[in-house]
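What follows is one structure encoded as structure tokens, with my remarks underneath.
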Amino acid sequence: MAAAGAAKVTAAAAASAVFRSNQELTRLARSGQLAAARRLFDSMPRRNTVTYNAMLSALARHGRIDEARALFDGMPSRNAVSWNAMIAALSDHGRVADARSLFDRMPGRDDFSWTVMVSCYARAGELELARDVLDRMPGDKCTPCYNAMISGYAKNGRFDHAVKLLREMPAPDLVSWNSALAGLTQSGEMVRALQFFDEMVEKDMVSWNLMLEGFVRAGDLDAASGFFAKIESPNVISWVTLLNGYCRAGRIGDARDLFDRMPERNAVAWNVMLDGYVRLSHLEEACKLFDEMPGKNSISWTTIISGLARAGKLQEAKDLLDKMSFNCVAAKTALMHGYLQRNMVDDAIRIFDGMEVCDTVCWNTMISGYVQCGMLEEAMLLFQRMPNKDAVSWNTMIAGYAQGGQMSKAIGIFRRMSRRNTVSWNSVISGFVQNGLFVDALHHFMLMRRGTYRADWSTYASCLRACANLVAFHVGRQLHSLLVRSGHINDSFAGNALISTYAKCGRILEAKQIFDEMVGKDIVSWNALIDGYASNGQGTEAISVFREMEANGVRPDEVTFVGILSACSHAGLIDEGLGFFYSVTKEYSLKPIAEHYACMADLLGRAGKLNEAFELVQGMQIQPNAGVWGALLGACQMHKNHELARLAAEKLSELEPCKASNYVLLSNISAEAGKWDEAEKARASIKEKGANKPPGLAGST
DNA sequence: TATGCGTAGT
């Protein structure tokens with residue numbers, strides 16, 4: 001009896017010890033102290049299901065999804081909470097198929113399980129599957145489960161479906177109504193949103209704030225502030241929403257007034273104000289606000305550090321980072337990015353290597369930094385070491401190799417990629433275009449369309465460029481009709497690309513028509529038309545478009561003058577060309593760029609004024625590039641000035657030592673002038689310097 | 001432990 005009693009007491013003590021440890025574990029897990037939670041978990045002599053569930057949620061919260069799964073698989077016993085937590089974790093990380101497979105195997109599914117599964121599909125845009133799960137739910141379906149479905153419909157643009165379900169469900173609550181409303185406000189349909197809002201019998205702060213955020217999102221700040229004034233007792237989220245609107249619109253004065261008038265300011269309010277200053281590069285105000293801010297959190301630190309880093313104030317950013325008392329991956333990533341933008345690779349590596357935890361964004365930053373610095377091998381090594389590659393990681397490598405002229409490697413990675421997206425296809429297609437492989441670009445566009453991938457403006461821009469270069473008018477016209485069908489035609493960049501393509505194909509009338517019909521003409525549109533006339537030899541028309549552009553109050557930029565000068569050059573308008581060239585600095589206060597000099601060298605050179613052209617090049621404030629020497633060389637060959645031609649060819653081969661055609665040119669020029677030794681020397685350089693033909697590609701996907 | 005609103009790093 002006594003022994004049994006003692007055993008009971010011991011068991012009770014042990015149970016209460018487990019209970020206390022579980023409470024501590026839950027506290028650690030919720031306050032983000034994963035390492036401490038793990039230590040406690042490992043040190044516990046006895047654990048129950050609650051212990052395991054707490055550890056599972058902690059791992060899931062930190063994105064350690066595979067560790068969570070391992071723990072789940074090894075649990076001695078599981079209850080509904082364990083199953084639900086695991087399914088929710090998989091769902092949160094987009095692992096839809098894994099979530100479903102666990103859901104199917106789960107014994108005794110409860111309301112929560114069904115809701116998580118519906119929400120999982122809904123958030124992934126799989127509306128039919130979500131609806132199927134909802135329909136299969138046995139007995140009385142719970143309101144949250146309906147709401148998850150309404151939210152799915154609304155956020156995926158199926159507002160009518162959302163409303164239909166709202167009317168059909170047995171017990172809609174405010175969340176149901178707000179979920180539907182969010183579909184309208186978040187897609188900027190404020191007219192319908194307003195109608196729906198008026199229809200709502202009951203409204204809470206979420207409803208009002210959704211409307212407010214809708215006006216902000218639509219960029220209608222006056223409507224937003226008017227609406228804000230109508231809210232009887234705005235809560236901190238209402239204030240922050242309007243504050244954020246002013247900041248994003250650049251109305252920093254209004255923002256600050258509002259911020260000062262706020263009855264209570266939480267960390268989000270401070271962070272939004274801080275971000276407002278940072279975005280407008282008002283760094284002094286930002287730093288002052290940051291100093292004054294009570295309760296700075298990781299977002300505050302990241303905001304200020306990234307602002308300083310972007311502005312190149314790397315020492316100040318580093319000093320701040322050193323003052324941080326806690327670990328923040330985002331802030332370190334921002335500083336790393338700042339270093340990499342300025343080619344300070346060693347400093348970036350020091351941060352990267354010193355990080356004990358490093359997430360996908362951080363790895364991607366380092367990889368893309370290497371790529372930007374031209375260090376492709378280092379990027380590849382990191383890419384291979386990286387544990388959880390996402391689409392950004394793959395796409396960065398593809399784009400890196402493509403831009404580095406290594407299309408075979410780019411394609412190799414592209415082929416190994418299991419879940420390609422639009423960006424992946426865009427990277428290879430634009431890579432082909434940049435490397436002059438226009439047919440391959442269009443071929444891959446065809447392959448892309450054969451899959452279920454959706455082309456975006458970037459895809460079309462690359463393909464149109466390919467058409468322009470191939471003078472493939474009919475393909476261009478097909479792309480034009482695809483653009484109309486896809487709805488991208490109203491984007492100004494698509495219109496601009498079309499103008500260039502039609503013009504380059506010699507269809508200047510069609511180009512002009514697109515231009516005339518365009519709603520949002522910008523400087524690029526004008527430049528495209530001017531350049532179009534220029535490349536069709538219609539110099540006078542190019543100049544008259546230029547005049548029209550000025551009459552419309554559009555200020556010409558450097559690119560405009562590249563078009564105008566080449567128009568003059570093609571049409572032999574020497575005096576006009578010289579006039580425009582001098583006006584670049586005198587009238588328009590622009591800095592002449594190398595392309596302007598190349599046009600002028602071409603203009604003067606074609607007219608036989610080789611010495612004047614050469615003098616112009618010699619007097620350049622900036623370093624002449626290959627285009628400039630190439631233009632001069634062309635003119636020299638036209639007018640048989642061997643001496644100057646040889647000089648230009650030499651400069652060219654200095655600037656592009658790996659381009660074989662430069663040595664061939666130099667060799668031919670020397671041979672023509674009877675300088676056989678030098679001709680031979682130039683030929684030898686091809687092998688010696690390992691000069692290559694432009695990169696080609698064997699085979700395709 | 002779910003469903004509707006505000007902030008940071010590629």
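Just so we're clear, the structure is a prediction, and the values are computed from it rather than from any experiment.
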Run the side-chain contact (heavy atoms from CB on, under 4.5 Å) check on A:Met137 and A:Arg109 step by step: do they pass? CA-CA 10 Å; A:Met137 186 173 175; A:Arg109 292 182 280 252; over 6 Å; no
Positive for side chain to side chain donor-acceptor pair (under 3.5 Å) with A:Tyr277, one of A:Lys288, A:His282, A:Glu285, A:Arg256: A:Arg256
Would you indicate what A:Asp359 reaches in the nucleic acid, counting non-hydrogen atoms under 4.0 angstrom: base, sugar-phosphate, or nothing? base
Distance (rounded to the nearest 0.5 Å) between A:Arg100 CZ and A:Ser91 OG: 12.5 Å
Would you mind classifying the nucleic acid contact of A:Ile237 as base, sugar-phosphate or nothing, using non-hydrogen atoms under 4.0 angstrom? base
So A:Ile305 and A:Met324, do their side chains get closer than 4.5 Å, heavy atoms only? yes
For DNA chain B, which nucleotides open and close the run of contacts to chain A, 5' to 3', at under 4.0 angstrom from a non-hydrogen atom? B:dT1 to B:dT10
Report the residues that fulfil ring-ring contact (aromatic ring centres under 6.0 Å, His included) with A:Phe215, sequence neighbours left out, ordered by chain and then residue number. A:Phe227
For A:Asp204, report the nucleic acid contact type (base, sugar-phosphate, nothing); a contact means any heavy atom under 4.0 Å. base
Touch class at under 4.0 angstrom, heavy-atom based, for A:Thr365 against every strand present: sugar-phosphate
For DNA chain B, what residues of residues 166-195 of chain A have any heavy atom nearer than 4.0 Å? A:Val175, A:Asn178, A:Ser179, A:Gln186
Exam field: side chain A:Arg265 to backbone A:Phe259, donor-acceptor pair closer than 3.5 Å: yes
Using a 4.0 Å heavy-atom cut-off across all strands, classify A:Val272 as base, sugar-phosphate, or nothing. sugar-phosphate
Is A:Lys203 touching bases, backbone alone, or none of the nucleic acid, heavy atoms closer than 4.0 Å? nothing
So what does A:Val329 hit on the nucleic acid, given a heavy-atom distance under 4.0 Å: a base, only sugar-phosphate, or nothing? base
A:Ser101 side chain vs A:Ala97 backbone, donor-acceptor pair below 3.5 Å: no
Please report the interatomic distance OH(A:Tyr370) to CG(A:Leu376), rounded to the nearest 0.5 Å. 12.0 Å
What contact category does A:Arg217 fall into here, base, sugar-phosphate, or nothing, at under 4.0 angstrom with non-hydrogen atoms? nothing
For a quick check of understanding: with a heavy-atom distance under 4.0 Å over all strands, which category does A:Arg279 fall into, base, sugar-phosphate or nothing? sugar-phosphate
In A:Asn209, A:Asn147, A:Asp204, the residue satisfying side chain to side chain donor-acceptor pair (under 3.5 Å) with A:Asn178 is A:Asp204
